[in-house]
Peer 1: 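Have a look at this one before I ask anything.
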Amino acid sequence: MDESDITKALSSREMTKEEIIEFFLGTPDMVGGTNADYIRIGSQILLENKIEFMINKLVTSGKIGTKKKSNGIIENIYYFVK
């Protein structure tokens, strides 16, 4: 996965950071207590951080933009392709 995958995902609609992460990784499974479960959780966290860094790089380079939308008292930042 690279930055072009993120821009392709955003080409059809605006998404929050959480929606982008869920689009690529699915919902995290935080249940379990075995070593394999802990490794899976650690991998999930590392990939989420990698996606977040790529999003920030795309924003600073001007390839994607941000838009704040409020829903009552909750404010979300949506990302879109410029």
Peer 1: Which residue pairs pass the salt bridge (charged side-chain N to carboxylate O under 4.0 Å, His left out) test when at least one of the two sits in residues 72-82, sequence neighbours left out?
Peer 2: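 Applying salt bridge (charged side-chain N to carboxylate O under 4.0 Å, His left out) to every pair that reaches into residues 72-82, excluding sequence neighbours, yields nothing.
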Peer 1: Can you give me every donor-acceptor pair (side chain of residues 58-72, partner residue at least two apart or in another chain, under 3.5 Å) with its distance?
Peer 2:
residue: Thr60; atom: OG1; partner: Asn56; partner atom: O; Å: 3.2
residue: Thr60; atom: OG1; partner: Lys57; partner atom: O; Å: 3.0
residue: Ser61; atom: OG; partner: Lys57; partner atom: O; Å: 3.2
residue: Ser61; atom: OG; partner: Leu58; partner atom: O; Å: 3.1
residue: Lys67; atom: NZ; partner: Glu14; partner atom: OE2; Å: 2.6
residue: Lys69; atom: NZ; partner: Glu14; partner atom: OE1; Å: 2.8

Peer 1: Crowded around Phe24 CZ? As in, over 12 foreign heavy atoms under 6.0 Å?
Peer 2: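 Yes, because the 6.0 Å sphere around CZ of Phe24 holds more than 12 heavy atoms from other groups.
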Peer 1: Could you check if a side-chain atom of Ile51 sits within less than 4.5 angstrom of a side-chain atom of Phe53, using non-hydrogen atoms only?
Peer 2: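 Contact flag for Ile51/Phe53 side chains = no.
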Peer 1: Who else is in Ile73's hydrophobic cluster (ILVMFWY, side-chain heavy atoms under 4.5 Å, direct or via others)?
Peer 2: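 Under the 4.5 Å side-chain rule, Ile73 groups with Ile74.
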Peer 1: Which of these, Thr7, Asp5, Asn49, Ile6, sits in a side chain to side chain contact (heavy atoms under 4.5 Å, CB included) with Met54?
Peer 2: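 One option only clears the test, and that one is Ile6.
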Peer 1: Can you list the residues that meet the side-chain contact (heavy atoms from CB on, under 4.5 Å) rule with Glu19, with sequence neighbours excluded?
Peer 2: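 If we apply the side-chain contact (heavy atoms from CB on, under 4.5 Å) test to Glu19, skipping adjacent residues, the hits are Met15, Thr16, Tyr78.
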Peer 1: Going by side chain to side chain donor-acceptor pair (under 3.5 Å), name the residues that satisfy it together with Asn35, two or more places apart in sequence or in a different chain.
Peer 2: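 With neighbours one apart ignored, the set is empty.
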Peer 1: Can you see which heavy atom on Glu48 is nearest to which on Ile21, and at what distance?
Peer 2: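 Looking at all heavy atoms of both residues, the closest pair is CG-CG2, 3.5 Å.
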Peer 1: Name all residues meeting the side chain to side chain donor-acceptor pair (under 3.5 Å) criterion together with Glu52; count only those two or more places apart in sequence or in a different chain, and write none if there are none.
Peer 2: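 Side chain to side chain donor-acceptor pair (under 3.5 Å) check on Glu52 returns Lys17.
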